[in-house]
Colleague: 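Please read through the structure below; I'll follow up with questions.
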Number of protein chains: 2
Amino acid sequence: MEEKIDIYFISKKAKVSPATVSRVFNRSELVSEKTRKKIQEVCEKYDYKPSIVASSMRTNKTKYIGFVIPNMTNPFFFELLRGAEEYASKKDYYLVVFNSENNYEKELVFLDAIFKRRIDGIIISGIAGGKKDNFFTREILKKKLPCVLVDRYVEGLDIPSVITNNVKGGILAADYLLKINNKRIGIITFELKIKIIKDRYNGFKRILEQNGLLENFLIEIPVDSKNILEELARNRDKILKSKVDAIFCLSDFIAIYLMEFLRNSDIKIPEDLSVIGFDNITYSQFVSPKLTTIAQDIYKMGNLSCEMLLNNISENNNKNIKLKNKILEPKLIIRESCAVR
Amino acid sequence: MEEKIDIYFISKKAKVSPATVSRVFNRSELVSEKTRKKIQEVCEKYDYKPSIVASSMRTNKTKYIGFVIPNMTNPFFFELLRGAEEYASKKDYYLVVFNSENNYEKELVFLDAIFKRRIDGIIISGIAGGKKDNFFTREILKKKLPCVLVDRYVEGLDIPSVITNNVKGGILAADYLLKINNKRIGIITFELKIKIIKDRYNGFKRILEQNGLLENFLIEIPVDSKNILEELARNRDKILKSKVDAIFCLSDFIAIYLMEFLRNSDIKIPEDLSVIGFDNITYSQFVSPKLTTIAQDIYKMGNLSCEMLLNNISENNNKNIKLKNKILEPKLIIRESCAVR
DNA sequence: CTGTTAGCGCCTTCAC
DNA sequence: GTGAAGGCGCTAACAG
């Protein structure tokens, strides 16, 4: 029978108490250099790795952060995840992935898994929410699980979030289109119940309004992110007959599908029709024509969300500092998909 | 002082023993329906969620799987992750993300984190490996941590893997180019030390050889996945002067950068130059011209890798069935980036 | 600076 | 079908 290598084993070999061994890993400043070195040598020799599982029992900290994704098909979320992971792993926290694919049932399962696992906090980059509005976030709040929203926010709920100024993003898009004299406007929308999406829409529309061009707002096509191409095809006539100059897409993901659709329909971008997107995902620069878009700093949003969450987790102990939201600035990226008229 | 809600609390309220409560969650077939219902009601009432952390201590199972990614910039890995997550979460396992960005130091840190966290197994979609070749995998083997490689394999080591037949993929690419009479050939390579990449290369080259066209293998440009565009630019003259008909890229990720580079250099695809890729990532269909490529079923690879890992984890107990590798078939996807000459 | 001790919340025997 | 009890590996509190 092999002897198990735990903290007692190490403490015996090093001729110290288990508490001292523990201190070496947690509060090593309390241990004299001499004994610390000795203990480290013994640990090395037996390849001892203290169990975080066991320490979680005592400390009530698992060093895990949940990362909830609504749709792993959109690389936008991968970039968000990348930003968060990079910050977390630096601090010895690691991310657990929960991909709901916008499925409410799955979210309920995740909620259960998250609580059972005693995860220290979660970052939410999108939830379906289901019939009961915001059930997910309400549960999180009820249980006082530290939480940060990225690229999402919920009004009236006390959950910090990291977002881009989406209203301003919409404004930038509209301003630009008008400036280059694209005045017959269409828009492809999706999930307008999501506030950040609605904000883009509102910002955009506001500019048309201010310029008395609301009657030039000719088509508005809602799309479901699962069957974008089909829904565009269903609206083919509407799009072709509208004779719009430009179409604003509420995300690059959708813009790229729209470009594909237009190409298949022999409509030339930007000669026949300008397209402008939102997000600036990596691939927007690779489609052709290169997509003009409103950029968010996606990586930074992910990174910041994790930073905020970890700050909250540690501040929870001396509940003093109030969480703040972070709002990043959007930026117009002019590439090739919009024409001056 | 709030009473803590643990298994004892529930057992008292339900007037049963803690053992019975535990059984309801784990081996509920051993509990009579009547007591089970009663216990469930009490759990519901107090919103009790048994701690997986505590159960991990007893069972030595954390229900976590590590997912090691070499590069979160390539959406290929997101698709792999998606496939694995989907399988895992169905079985109440969850994935912990370790993104090394091909950094050997980070991998060492991860190795430590993985062992300390007593994660049940890991899926590796790529590692740097560092100076000591395969240090990472050797450590994993030494500690007998269940492990599966996806889109990677290591010869001579007893680690199961899920891959596509990459040699065959290379063959398909070469066959196709020759068939459409593209006979002056170039290739953009990267990380040839990775076996699956080298296999693609070898399969491709073998066909040229068999057709006595090896002297038509005109340029071979190695590229570092971090600065693809710059490295292509550095080789601009070489590419332009070679007058090749077609370039084979060992991944779509690279092919897309190459297309971008060629576009910037006013070389028309496919009229002046055919491009063929490998992987069939989502965006290959959105670039224009649409990329002709050798497809791997990425999602399925991720899914399968997780299935294999979980099978191994449970079979470990009654160490009987030997792990097998899975080799999926590649498929030529003809789109628009290769011209008949 | 170091040691002793008592749990953290659960599950697995082993009884009954 | 159910209960009693010990222990998984660690750390916090207290004592020295």
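In this text, all values refer to a predicted model and were calculated from it rather than measured experimentally. Each chain gets a letter, A, B and so on, in the order its sequence line appears, and its residues count up from 1. Heavy atoms only: backbone and side chains are in, while hydrogens, waters and symmetry mates are out.
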Colleague: So, for Phe98(A) and Tyr94(B), is the gap between ring centers shorter than 6.0 Å?
Modeller: yes

Colleague: Quick one, Val21(B) and Phe9(B) - any side-chain contact, counting heavy atoms below 4.5 Å?
Modeller: no

Colleague: Reading DNA chain D from 5' onward, which residue's closest nucleotide shows up sooner: Ala54(B) or Ser17(B)?
Modeller: Ser17(B)

Colleague: Give a yes or no on whether the backbone of Val16(B) and the side-chain of Thr20(B) come within a donor-acceptor separation of less than 3.5 Å.
Modeller: no

Colleague: State, with a plain yes or no, whether a side-chain heavy atom of Asn60(A) is found less than 4.5 Å away from one of Arg118(A).
Modeller: no

Colleague: Measure NZ/Lys12(B) against P/dG9(C) and give the value in whole Å, please.
Modeller: 12 Å

Colleague: Please confirm whether the shortest side-chain N or O distance from Tyr48(A) to OP1 or OP2 of dC10(D) is below 4.0 Å.
Modeller: yes

Colleague: Is the shortest side-chain N/O distance from Ser32(A) to OP1 or OP2 of dT2(C) below 4.0 Å?
Modeller: yes

Colleague: Round to a whole Å and report the spacing from CD1 of Ile5(A) to P of dC10(D).
Modeller: 11 Å

Colleague: Does Lys63(A) come within less than 4.0 Å of Asp120(A), counting only side-chain N to carboxylate O?
Modeller: no

Colleague: Would you say dC8(D) has OP1 or OP2 under 4.0 Å from some side-chain N or O of Lys4(A)?
Modeller: yes

Colleague: When we call it a touch if two heavy atoms are under 4.0 Å apart, what does Val31(A) touch: a base, just sugar-phosphate, or nothing?
Modeller: sugar-phosphate

Colleague: Would you call Glu139(A)-Lys142(A) a salt bridge at under 4.0 Å N-O?
Modeller: yes

Colleague: Is Phe9(A) touching bases, backbone alone, or none of the nucleic acid, heavy atoms closer than 4.0 Å?
Modeller: nothing

Colleague: Taking the six-membered ring of Tyr64(A) as reference, does the cationic atom of Arg117(B) (NZ for Lys, CZ for Arg) lie under 6.0 Å from its centre and within 45° of its axis?
Modeller: yes

Colleague: Below 4.0 angstrom from OP1 or OP2 of dC10(C), is there any side-chain N or O of Ser56(B)?
Modeller: no

Colleague: Under the salt bridge (Lys or Arg N to Asp or Glu O under 4.0 Å) rule, what do Glu33(A) and Lys37(A) come out as? Steps first, then yes or no, please.
Modeller: CA-CA 6 Å; Glu33(A) 196 182 324; Lys37(A) 276 208 171 148; 3.6 Å; yes

Colleague: So what does Phe25(B) hit on the nucleic acid, given a heavy-atom distance under 4.0 Å: a base, only sugar-phosphate, or nothing?
Modeller: nothing

Colleague: Could you list all N or O pairs between the protein and nucleotides 12-16 of chain C that sit under 3.5 Å apart?
Modeller:
from: dT12(C); atom 1: O4'; to: Arg58(B); atom 2: NH2; distance (Å): 3.1

Colleague: Below the 4.0 Å mark, does dT2(D) have OP1 or OP2 next to a side-chain nitrogen or oxygen of Thr20(B)?
Modeller: no

Colleague: Report the distance from atom CG of Asn60(B) to atom P of dG9(C), rounded to the nearest whole Å.
Modeller: 19 Å

Colleague: Would you mind reading off the distance between Lys38(B) atom NZ and dG1(D) atom P, rounded to a whole angstrom?
Modeller: 16 Å

Colleague: Any carboxylate oxygen within less than 4.0 angstrom of a Lys/Arg side-chain nitrogen, looking at Glu86(B) and Lys90(B)?
Modeller: yes

Colleague: How far does OG of Ser125(B) sit from CG of Asn71(B), to the nearest 0.5 angstrom?
Modeller: 9.5 Å

Colleague: How many Å lie between CD on Glu33(B) and P on dG1(D), as a whole number?
Modeller: 11 Å

Colleague: Checking all strands, does Val53(A) fall into the base, sugar-phosphate, or nothing category for heavy-atom contacts under 4.0 angstrom?
Modeller: nothing

Colleague: In this structure, how many angstroms lie between the P atom of dC10(D) and the CZ atom of Phe115(B), rounded?
Modeller: 16 Å

Colleague: Give the angle between the helix axes at the two ends of the helix from dC1(C)-dG16(D) to dC16(C)-dG1(D), taking five base pairs at each end and rounding to 10°.
Modeller: 30°

Colleague: Can you tell me how far C1' of dT2(C) sits from NZ of Lys34(A), to the nearest Å?
Modeller: 13 Å

Colleague: May I have the distance from Lys37(B) (atom NZ) to dG1(D) (atom C1'), rounded to whole angstrom?
Modeller: 17 Å

